[in-house]
Amino acid sequence: MLGPPGAGKGTQAERLHEDFGLPHIATGDILRAEVSNGTELGSEAKRYMDDGELVPDSVIIEMITQRVNADDARDGFLLDGFPRNEQQANALRDALDALERRLNAALLIAVPDEELVRRLAGRRVCVKNPTHIYHVEFDPPKHEDVCDQDGARLIQRDDDREETIRRRLRVYHSQTEPLIAYYDDAGLLRRFDGCRSPDEVHDHIRATVATLKLEEEL
Ligand SMILES: [Zn+2]
């Protein structure tokens, strides 16, 4: 899954997981799980995190490799959150080559920056219960900044502030966006219009994955 932060990659991956039974490998999630389970790789990753350093690509790729080798990933998998740059893409390709596995497609959910800012910066979260989520434009509470369900105050999380979103988008454009050309050159890119409703995006991606699956079985 490829696309900017806020494009809905995780949501779409979950739905594809339901459609096709493909495990959704969200690298952020498996990293957190390995750390909290105290596995060998998790402990190694934690040492970097405790020192305030980025977890090296080799550690993340080792986690992905293990996950891809699990029984439920035999017929395929959805990778979400990795690779984020060309160097990681090359390392991933080499690791999959060694397993005699490969990527069949790079599913790009394309959304313009202004739309992402509108979506993310409008989010408001209840201070009492973070599952109470609103949007000032698309799903406003009855009373401004007050939770409909428990009357608690609604806040904007730091992650949803416009300057934070724009910073993440700059990183995406400079580091991850080159992967669009990278996977296009490899003949793997499939592009989806992320401005459409999540249901429409899902329908389009599902049809594409179904076709890829058929081609694979021929
Ligand atoms: Zn609430």
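Numbering of ligands and ligand atoms starts at 1, following listing order. Owing to the predicted nature of the structure, the values given are computational and were not obtained by experimental measurement.
Geometry about the Zn ion (ligand 1) gives an angle of 80° between OD1 of Asp150 and SG of Cys147, rounded in steps of 10 degrees.
With respect to the salt-bridge test (charged N to carboxylate O, under 4.0 angstrom), the residues Lys46 and Asp51 do not qualify. Residues Arg168 and Asp113 are not paired through a salt bridge, judged by the lack of any N-O separation under 4.0 Å between the basic side chain and the carboxylate. For the pair Arg166 and Glu114, the salt-bridge criterion is met [side-chain N within less than 4.0 Å of a carboxylate O].
The atom of His132 that is an N, O or S and sits closest to the Zn ion (ligand 1) is ND1.
Clustering ILVMFWY residues whenever any of their side-chain heavy atoms sit less than 4.5 angstrom apart, transitively, puts Leu188 in a cluster other than the one holding Leu107.
At a threshold of 2.8 Å, the Zn ion (ligand 1) has no backbone or side-chain N, O or S atom of Asp148 nearer than that distance.
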